[in-house]
Protein chains: 2
Amino acid sequence: MAKESKAPGRRMTIYDLATLSGASPTAVSSVLNGTWKKRRISVALAERITRIADEQGYALNMQASGLRRDKSHLIGMIVPKYDNRYFGSIVEKFESMARDRGLFPIVTCTQRDSELEIQAARAMIAHQVDCLIATGATDPDRITEICAAAGVRSLNLDLPGRLAPSVISDNRGGANALTQRILAASAGDRVPGQPLLYVGGRPDHNTTERIQGFRDAHSEAGIAVDDTMILATGYAPEKAERALGELAAKHGKLPAAMFVSSTIPLEGVIRWIKASGHFGDCPPHIGCFDWDPLVSVLTENIIMLRQDVPGMLQELFKMIDSEPADARVIEVPTLFQE
Amino acid sequence: MAKESKAPGRRMTIYDLATLSGASPTAVSSVLNGTWKKRRISVALAERITRIADEQGYALNMQASGLRRDKSHLIGMIVPKYDNRYFGSIVEKFESMARDRGLFPIVTCTQRDSELEIQAARAMIAHQVDCLIATGATDPDRITEICAAAGVRSLNLDLPGRLAPSVISDNRGGANALTQRILAASAGDRVPGQPLLYVGGRPDHNTTERIQGFRDAHSEAGIAVDDTMILATGYAPEKAERALGELAAKHGKLPAAMFVSSTIPLEGVIRWIKASGHFGDCPPHIGCFDWDPLVSVLTENIIMLRQDVPGMLQELFKMIDSEPADARVIEVPTLFQE
DNA sequence: CAAGTGTGCTGCATCGGTTGAGCAAAGATG
DNA sequence: CATCTTTGCTCAACCGATGCAGCACACTTG
């Protein structure tokens, strides 16, 4: 009687396949991972092993494989939220590009919570990711340090860090272009020389740059921007809503046009506009540094800027593939839909 | 001279910690994974090891740990797309509930592509997930079979299967309630006795049930529904857009109210309404079996039904925790925002 | 003081693949 | 026919963590 091939509940292993095929575990392993030609296994044996593996529905144990190799072929990404199309499309594109390279993507969302970010980074390192992408992280350099201590490569996306290479949008240029479009669209409805209102975002690199682009466009148009026009209230819709209410209470009539930092505060802005009735029948012109197809098809008064997600991920994977050592920042131009 | 503690590029292991602390690898392992009391390690040694591990920034190798234990503590989820708030909130909630249970969530998006779904399921099994959740899968039973062959538990979410337990929305009841609301809201604008139009969705369980609920509500209101009023065109916006155009070309004036199966076809519906000018200044009443905060704040004529994601995930994890064997289907009631 | 009990630790095999070294047999070469 | 080369495969160590068995020592008990 032949040796029992496999215990009932247990998963099939290369040792089971070895007994079934009458070959050694080494032969089975090398056939299944493609190194068999280098190891001079005959085509006949390779085919037999492949056939039996297929018949038995064998699945490689990546934990065991990853333990022995020096590369795990895992690539991690942390992302703040899944509540908007921008991060959604980043994740979708990231996963598909990772898979195209034979990497297994692990993505986790950290709720814009810096403590969770660190925990998630540690967990990914524990799972032996080869590389970690920190997307829109609140403290990218902290993550880079943790990764470096564990010998894991890290890259930043969307928000830059000083310690690792970063791929971000051209926030200043994009904000400038968007501001110009809002100024042009609202020219008929604005008091001449009146600046736009800036709403949303928190004091990070991107907001700073966007505000700078916002100011640049104003000064190019010869319009002065007062600091009270900048409401960088964070990303929560409620905060934007409250800030508008407070500003209106203090200043009376608000400008007939505004720059909103993303679709999340946009929700609060729209809510306030509708609820307050501040603008009556003449809704303000809005520019949004973010794109959502439903918003763009539902509205006429909102100009949406679209960040070039495919372009950014192209640059990101270029860096992943080439392993640059310096903490360069790549800025990808933004787009407008059609 | 003491034995060299660690090679430069390599990651710290329990063996390094053992030499550093003068204890055995076994002691280090048991201290770090919490089994040290059972193993009668002294508090003094436990504290020393913990301190050294912290100082050195040690991170457990989960591949090695997972290989040795019978449970990997990995839980996988496949999800069709990240392009809407429904799946986004499912993933966010799933991740946080998994983490609360000490599980590491692995989520991957399969682009509504059945081949990718299978590939992703196989990859997750290869990575030794303890359990796999198939969300909105095109062929959930195929995934269940693949999981079963590998001895991996699987559950369905959003769309039910016949071979594994499922948690889904009460599609029929929700569609009935939504249809009633649309009928009521549009009563003044509809030709009496005229049915609504049904747009979007593909021939799966959920669409079938939603159409049934749609029909139920009509028959309860004494309205007959012609088959030509059902445009189950799939989820792509373009398909919904084209179908409306074709129907209008054939039938002339469309009903003044419609039921749209989710926010994705809604985009096409709105686009067609705006582009065609079919309804002139009197936009149709719309009910959408899905919820998006931006849409709900931007529009007055769209009633949005919200699927109870927290409730569904509560039920899902109840099943994960209790390991039921039967392929029961749990239907969770839907909500309306406020 | 021999036997029994408890404390605090270590040694070794093991999980499932991967890898470098090596071995036997067949074929080529002088 | 002895030697060298090539072909086709196997052996054993190893990756890092875990769990069982067991050992040395101290302390109690009759």
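Each chain gets a letter, A, B and so on, in the order the sequences are listed, and its residues count up from 1.
- Atom NE2 of B:H73 and atom P of D:dA17 are 15 Å apart (whole Å).
- Residues A:A64 and B:A23 both approach DNA chain C. Their nearest nucleotides, taken by heavy-atom distance, put B:A23 toward the 5′ side.
- An OP1 or OP2 oxygen of C:dT18 is reached within less than 4.0 angstrom by a side-chain nitrogen or oxygen of A:R69.
- B:R99 and A:T108 are linked by a side-chain donor-acceptor pair at a separation below 3.5 angstrom, with hydrogens and angles left out of the test.
- Regarding contacts with the backbone of C:dT18, a side-chain N or O of A:S65 is found under 4.0 angstrom from either OP1 or OP2.
- Screening B:Q63, B:R68, B:R69 for a side-chain hydrogen bond (donor to acceptor under 3.5 Å, both in side chains) involving B:S65 leaves a single residue, B:R69.
- For the pair A:L17 CG and C:dG16 P, the interatomic distance rounds to 12 Å; values are reported in whole Å.
- In this structure, B:L45 reaches the sugar-phosphate backbone alone: every heavy-atom distance under 4.0 Å involves primed, P, OP1 or OP2 atoms, never a base.
- Taking the side chain of A:S24 as heavy atoms from C-beta on, and the options D:dT18, D:dT10, D:dG19, the nearest nucleotide is D:dT10.
- Side chain to side chain, A:E117 and A:T138 meet the donor-acceptor criterion of an N or O pair below 3.5 Å.
- As a whole-Å value, the separation of A:K38 NZ from D:dC9 P is 17 Å.
- The number of heavy-atom neighbours closer than 6.0 Å to CZ of A:R101, taken from other residues, nucleotides and ligands shown, is above 12.
- Side-chain atoms of B:L67 lie closest to C:dC15 of the nucleotides C:dC15, D:dA17, C:dT19.
- Using a distance-only test at 3.5 Å, with no hydrogens or angles considered, a donor-acceptor pair links the side chain of B:S72 to the main chain of B:Q128.
- Sequence order on DNA chain C of the closest nucleotides to B:T26 and A:A59 puts B:T26 first from the 5' end.
- Closest to the side chain of A:R40, out of D:dA17, D:dG22, D:dT7, is D:dT7.
- Side chain of A:E95 to main chain of B:C109: a donor-acceptor pair is present (N/O by atom type, distance under 3.5 Å, no hydrogens or angles).
- Between A:R68 and D:dC14 there is no side-chain N or O to OP1 or OP2 distance below 4.0 Å.
- Computed from coordinates, the A:I41 CD1 to C:dC23 C1' distance equals 14 Å when rounded to whole Å.
- In terms of phosphate contacts, B:N33 brings no side-chain nitrogen or oxygen within less than 4.0 Å of OP1 or OP2 of D:dA17.
- Remark: A:E145 does not engage A:R142 in a salt bridge, criterion side-chain N to carboxylate O under 4.0 Å.
- In this structure, of D:dG8, C:dC9, D:dT18, it is D:dG8 that holds the atom nearest to the side chain of A:S42.
- A sub-4.0 Å separation between OP1 or OP2 of C:dT18 and a side-chain N or O of A:S29 is present.
- Of all nucleotides listed (C:dG16, D:dG19, C:dT10), C:dG16 comes nearest to the side chain of A:N61.
- Between the CD atom of B:Q63 and the P atom of C:dC15 there is a distance of 18 Å, rounded to whole Å.
- Straight-line distance from the CD atom of A:Q128 to the P atom of D:dC15: 14 Å, rounded to whole Å.
- Formation of a donor-acceptor pair under 3.5 Å by the A:D141 side chain with backbone atoms of A:L163 is found in this model.
- Regarding contacts with the backbone of C:dC15, every side-chain N or O of A:T13 stays at 4.0 angstrom or more from both OP1 and OP2.
- The CD1 atom of A:I49 sits 12 Å away from the C1' atom of D:dG8 (whole-angstrom rounding).
- The nucleotide whose nearest atom lies closest to any side-chain atom of A:I14 is, among C:dG17, D:dA21, D:dT10, C:dG17.
- Rounded to 10 degrees, the angle separating the terminal helix axes of the helix from C:dC1-D:dG30 to C:dG30-D:dC1, each built from five base pairs, is 60°.
- Distances shown here put a side-chain N or O of A:Y58 below 4.0 Å from the OP1 or OP2 atom of C:dG17.
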